[in-house]
**Student:** 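First the structure, which I've put down as structure tokens, then a few questions once you've had a look.
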Amino acid sequence: MARRQWSSCGGVAVAAVLGLLAVLCAGHPVPGGHGGGGFPLQPHFYDHTCPQMQAIVGAIVAKAHAEDPRMAASLLRMHFHDCFVQGCDASVLLDADGSGRFVTEKRSNPNKDSLRGFEVIDEIKAAVEHACPHVVSCADIVAVAARDSVVLTGGPGWEVPLGRRDSLTASLSGSNNLIPAPNDSLPTIIGKFANQGLDVVDLVALSGGHTIGDSRCVSFRQRLYGQNNNGQVDRTLNPAYAAELRGRCPRSGGDQNLFALDPASQFRFDNQYYHNILAMNGLLSSDEILLTQGRETMELVHRFAANQGLFFEQFAKSMVKMGNISPLTGHAGEIRNNCRRVNH
């Protein structure tokens, strides 16, 4: 049954992903990161042990995207939130196990009530386990699903270095403290990226992932009513846009009301995000400060706004770099049978 789930969801989106995969598989290896086991990641890791893995992931992601256009952004965000905590090890997928060994990252401030897509990863894992039992890690599934989500929404593709293994623990404190927050200052965000081996170019390029997806009222309310709730609109926010946002994001209540990060092209991966910032229509403070608080970040915003191809090229490079953050490889960690819990 699991095999039929992914093989029968035909359509243009699935064909697009599978066509891209055929092109990628003919490409050259991309250097991967070294993890706990000391082995480099590489794109052809499953060529012999589970050659159908990427096709399975692509088909199920395409089906999920067709059913819910928001899912692409959710799966991309999941990869970010996984890699920034303990490295790209699928720790974000773990539920609390009742043993007290760890607290699930799903309850952290960045993830609670907002991180989604876990059921899609569950479906992919079940299908992959049916095809290739005990071979493919949940961490690799998340990485490939993120890439396919970008492609499905019109963004660039890239070879995903593979060979990650899954962690045995999660870190609530890491999730609360290491993931950049919407209200962080630019130096704080730069520092959080630097802690992961990512530079300012990676920061501005990866922020472009906000070209798709939504944000909750609670994440930007202070820009509409002042840090001290004094009613003052953030001076770096377009007053007309602020007035529009106030209509559905009141001074109190409505915390979970959703707003498109890029209302001009909400479900299309493009460089409109940077045009929004230049027009003072960046939704989050962490978006607009790229223009207003740093010369280097400001120059990159202008460059990516002027050249979508340049943005796409850098985004793909930075996604590979981010996907190489401290992976578990070799005999470190495990291949989880169920992405929500450790095997024993």
Side-chain angles (χ1 to χ4, degrees), residues 70 73-74 77 80-81 84 107-115 175-195 200 203-267 270-306:
R70 293 180 55 215
S74 296
R77 184 169 182 253
F80 277 76
H81 285 215
F84 268 73
R107 304 307 299 169
S108 70
N109 292 328
N111 296 337
K112 182 181 179 183
D113 299 326
S114 66
L115 200 65
S175 188
N176 275 324
N177 296 309
L178 300 176
I179 297 173
N183 299 322
D184 281 346
S185 67
L186 183 59
T188 296
I189 296 174
I190 290 174
K192 288 183 176 180
F193 270 74
N195 287 340
V200 172
L203 162 59
V204 180
L206 292 175
S207 295
H210 285 175
T211 184
I212 55 176
D214 302 281
S215 183
R216 297 174 298 158
C217 167
V218 69
S219 297
F220 60 87
R221 174 182 283 122
Q222 86 292 340
R223 300 193 72 201
L224 305 179
Y225 303 101
Q227 293 287 358
N228 300 314
N229 204 25
N230 58 11
Q232 299 298 310
V233 174
D234 186 336
R235 63 180 180 80
T236 67
L237 182 62
N238 183 331
Y241 187 36
E244 179 184 338
L245 295 172
R246 281 186 170 194
R248 288 198 306 113
C249 185
R251 191 185 293 260
S252 63
D255 286 3
Q256 305 305 315
N257 290 350
L258 292 176
F259 295 77
L261 285 160
D262 174 13
S265 55
Q266 181 178 3
F267 301 113
D270 54 24
N271 69 337
Q272 180 62 40
Y273 166 82
Y274 300 103
H275 291 282
N276 295 342
I277 292 175
L278 292 175
M280 297 176 64
N281 288 332
L283 182 62
L284 304 179
S285 173
S286 56
D287 296 325
E288 201 63 48
I289 61 176
L290 298 178
L291 179 70
T292 60
Q293 290 192 8
R295 177 175 295 276
E296 185 176 4
T297 57
M298 176 190 68
E299 292 175 352
L300 287 164
V301 168
H302 280 279
R303 289 176 60 193
F304 291 151

**Student:** Before giving the answer on side chain to side chain donor-acceptor pair (under 3.5 Å), spell out for Asn111 and Ser175 the whole-Å C-alpha distance, their side-chain angles and the decisive distance to 0.1 Å.
**Tutor:** CA-CA 8 Å; Asn111 296 337; Ser175 188; 3.2 Å; yes
**Student:** Where the side chain of Arg221 meets the backbone of Pro250, is there a donor-acceptor pair that is under 3.5 Å apart?
**Tutor:**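 Yes; at least one donor-acceptor contact below 3.5 Å.
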**Student:** Set out, in order, the CA-CA distance, both residues' side-chain angles and the distance that settles side chain to side chain donor-acceptor pair (under 3.5 Å) for Gln266 and Asp214, then state yes or no.
**Tutor:** CA-CA 8 Å; Gln266 181 178 3; Asp214 302 281; 2.8 Å; yes
**Student:** Given side chain to side chain contact (heavy atoms under 4.5 Å, CB included), test Tyr274 with His302 step by step and report yes or no.
**Tutor:** CA-CA 7 Å; Tyr274 300 103; His302 280 279; over 6 Å; no
**Student:** Show, in sequence, the C-alpha distance, side-chain angles and deciding distance for Asn183 and Ser285, and conclude whether the side chain to side chain donor-acceptor pair (under 3.5 Å) test is met.
**Tutor:** CA-CA 6 Å; Asn183 299 322; Ser285 173; 5.1 Å; no
**Student:** Restricting to non-hydrogen atoms, name the atom on Leu237 and the atom on Leu245 that form the minimum distance, rounded to 0.1 Å.
**Tutor:**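 Looking at all heavy atoms of both residues, the shortest contact is CD2-CD1, 4.5 Å.
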**Student:** Which pair of heavy atoms, one from Ser215 and one from Leu283, lies closest together, and at what distance?
**Tutor:**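 Where Ser215 meets Leu283 most closely, the heavy atoms are CB-CD2, 3.8 Å.
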**Student:** When you measure from the side chain of Asp262 to the backbone of Ile212, do you find a donor-acceptor pair of N or O atoms at a distance under 3.5 Å?
**Tutor:**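 Here the side-chain-to-backbone pair does not exist.
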**Student:** Do other residues, nucleotides or ligands put more than 12 heavy atoms under 6.0 Å from Arg303 CZ?
**Tutor:**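 It does not: Arg303 CZ has 12 such atoms or fewer within range.
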**Student:** Please tell me if the side chains of Val301 and Met298 come closer than 4.5 Å, counting only heavy atoms from C-beta onward.
**Tutor:**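 Sidechains of Met298 and Val301: no contact.
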**Student:** Step by step, would you call Arg223 with Thr236 a side chain to side chain contact (heavy atoms under 4.5 Å, CB included)?
**Tutor:** CA-CA 9 Å; Arg223 300 193 72 201; Thr236 67; 3.1 Å; yes
**Student:** Is the shortest heavy-atom distance from the side chain of Phe193 to the side chain of Pro180 under 4.5 Å?
**Tutor:**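 A side-chain contact exists here, since the closest heavy-atom pair is under 4.5 Å.
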**Student:** Is Asp113 close to Val218 at the side-chain level, that is, under 4.5 Å between some pair of heavy atoms?
**Tutor:**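 Side-chain contact under 4.5 Å: no.
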**Student:** Compare every heavy atom of Ala242 with every heavy atom of Val233, then report the nearest pair and how far apart it is.
**Tutor:**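 The answer is CG1-CB, 3.6 Å.
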**Student:** Are any of the side-chain heavy atoms of Ser114 and Arg77 separated by less than 4.5 Å?
**Tutor:**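 Ser114 vs Arg77: side chains touch.
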**Student:** Does Leu224 offer a backbone N or O that forms a donor-acceptor pair with the side chain of Arg246 under 3.5 Å?
**Tutor:**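 Here the side-chain-to-backbone pair exists.
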**Student:** By the disulfide bond (SG atoms under 2.5 Å apart) test, which pairs, at least two apart or in different chains, include something from residues 207-250?
**Tutor:**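 Every disulfide bond (SG atoms under 2.5 Å apart) pair that includes a residue of residues 207-250, provided the two are not neighbours, is Cys217-Cys249.
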**Student:** For Ala264 versus Gln272, what's the shortest heavy-atom pair and its separation?
**Tutor:**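 Heavy atoms only, the tightest pair is CB-CG, 3.7 Å.
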**Student:** If you look at every heavy atom in Asp287 and Tyr273, which pair is closest and at what distance?
**Tutor:**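 Nearest pair, atom of Asp287 first, then Tyr273: OD1-OH, 2.8 Å.
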**Student:** For a quick test of reading the model, state the closest non-hydrogen atom pair linking Leu258 to Arg216 and the distance between them.
**Tutor:**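 Here Leu258 and Arg216 meet closest at CD2-CG, 3.8 Å.
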**Student:** Do the side chain of Asn176 and the main chain of Asn109 share a donor and acceptor less than 3.5 angstrom apart?
**Tutor:**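 Flag set: sc Asn176 to bb Asn109 pair under 3.5 Å.
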**Student:** Passes side chain to side chain contact (heavy atoms under 4.5 Å, CB included), Tyr241 versus Met280? Steps please.
**Tutor:** CA-CA 9 Å; Tyr241 187 36; Met280 297 176 64; over 6 Å; no
